[in-house]
There are 2 protein chains.
Amino acid sequence: MIVEIDPDAATPPYEQLRTQIAALIRTGGLAVGTRLPSIRQLARDLGLAAGTVARAYRELEAEGYLRGRAGQGTVVREIPRLSEAERTARLTDAARAYAAAVRELGIEVEVALTTAQYHLTHPAG
Amino acid sequence: MIVEIDPDAATPPYEQLRTQIAALIRTGGLAVGTRLPSIRQLARDLGLAAGTVARAYRELEAEGYLRGRAGQGTVVREIPRLSEAERTARLTDAARAYAAAVRELGIEVEVALTTAQYHLTHPAG
DNA sequence: CCAAATGTACTGCCATATTGATACATTAGG
DNA sequence: CCTAATGTATCAATATGGCAGTACATTTGG
């Protein structure tokens, strides 16, 4: 499993880990049914504390991505589908935040939309 | 001056204050040359500590919005213009964040753009 | 039945951010 | 010159978040 943790990043390690695993599952890099490394194993590999990896797993389990059971390990369960209400709520939050930033910068709507489109269609850029 | 502070919000009071004053200046609600309430006065009105208001003023001064001098009070100085590099850098950050959220929700680009446009053109919504 | 590996839960520690309070410096005005 | 009002600077207390470590529960496999 390919994950990279930057200890100096603004987002804490457990969150980096959570995001990257979720992305891997969404993109098919980790198929449903795949068993993940054990908490302690992954912690060693990444130079993190076990509790940190445990937290990432725990949250991903709460979101529906994973299923972990003692003695058996942790396995990819599904690609969770949020309720429509939940999705629109989160989208609204994100859009509001973007709009607020754009407004504070005094940037025109056209430019803001073009920029958004670019980053939506070019994930790496 | 119309500002509202929500003590229970995720963003801390000093940041709420900073954002709202900056918005007022940008939108013309506070014209250049206008004198703001004194730190202590505004703190009393909002139920905040003087240091909290002082911080908001200080940061706004660092950004170029205000100019404060002891004995004279604090006055709206200008609507600061960021360098082009700074503006594009911040716009990029904001767009990346929005794109990341959209991607994590698995929402289509079209929908994301329409939503962004709505919130860009309807500040209140 | 037992040992090893696994996830879970809990607790204390540390770093950071925010606040609240106090003392200090500056200016205007009488 | 002096007082009052202002902004500035600094410090301690508090809350929060994240982390590391430890003990516990569960399952598998021999």
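Letters A, B, ... are given to chains in the order of the sequence lines, protein chains preceding strands, and every chain is numbered from 1. These figures come from a predicted structure and were not determined experimentally.
Across residues 46-64 of chain A, A/A49, A/T52, A/R55 each have a non-hydrogen atom less than 4.0 Å from an atom of DNA chain D (numbered order). Listed by residue number, the members of residues 6-17 of chain B with any heavy atom below 4.0 angstrom from DNA chain C are B/P12, B/P13, B/Y14.
The list of side chain to side chain donor-acceptor pair (under 3.5 Å) pairs with a residue in residues 112-125 of chain B, not counting sequence neighbours, is empty. The salt bridge (charged side-chain N to carboxylate O under 4.0 Å, His left out) pairs that include a residue from residues 83-103 of chain A are A/E84-A/R87, A/E86-A/R90, where partners are two or more places apart or lie in different chains. Sorted by first and then second residue, the side chain to side chain donor-acceptor pair (under 3.5 Å) pairs involving residues 23-45 of chain B (not counting sequence neighbours) are B/R26-B/Y65, B/Q41-B/R44, B/Q41-B/D45. Residue pairs satisfying the salt bridge (charged side-chain N to carboxylate O under 4.0 Å, His left out) criterion with at least one member in residues 106-116 of chain A, sequence neighbours excluded, are absent.
When all heavy atoms are compared, the tightest approach of B/A50 to B/I39 is O-CG2, 3.4 Å.
The ring-ring contact (aromatic ring centres under 6.0 Å, His included) search around B/Y98 returns A/Y98, not counting sequence neighbours. Scored by the salt bridge (Lys or Arg N to Asp or Glu O under 4.0 Å) test, B/R55 finds B/E59 as partners (sequence neighbours excluded). Taking the salt bridge (Lys or Arg N to Asp or Glu O under 4.0 Å) definition, one finds that A/E61 meets it with nothing, sequence neighbours left out. Residues satisfying the side chain to side chain contact (heavy atoms under 4.5 Å, CB included) test with A/R77, not counting sequence neighbours, are A/R67. The salt bridge (Lys or Arg N to Asp or Glu O under 4.0 Å) search around A/E78 returns none, not counting sequence neighbours.
B/L42 places its CG atom 14 Å from the P atom of C/dG20, with the value rounded to the nearest Å. Here the P atom of nucleotide C/dT18 and the CZ atom of B/R18 are 12 Å apart, to the nearest Å. Computed from coordinates, the B/R44 CZ to D/dT6 C1' distance equals 12 Å when rounded to whole Å. Between the CG atom of B/L36 and the C1' atom of D/dT6 there is a distance of 13 Å, given to the nearest Å. The separation between A/L66 atom CG and C/dG7 atom P is 11 Å, rounded to whole Å.
Counting non-hydrogen atoms under 4.0 angstrom, A/R35 reaches the backbone sugars and phosphates but no base.
Side-chain N/O atoms of B/T74 include one lying less than 4.0 angstrom from OP1 or OP2 on D/dG7.
Using a 4.5 Å cut-off on side-chain heavy atoms (C-beta onward), A/V53 and A/Y14 make no contact.
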Across nucleotides 23-30 of chain D, 5' to 3', mark each nucleotide with B, S or - according to how protein heavy atoms within less than 4.0 Å reach it.
B--BBS--

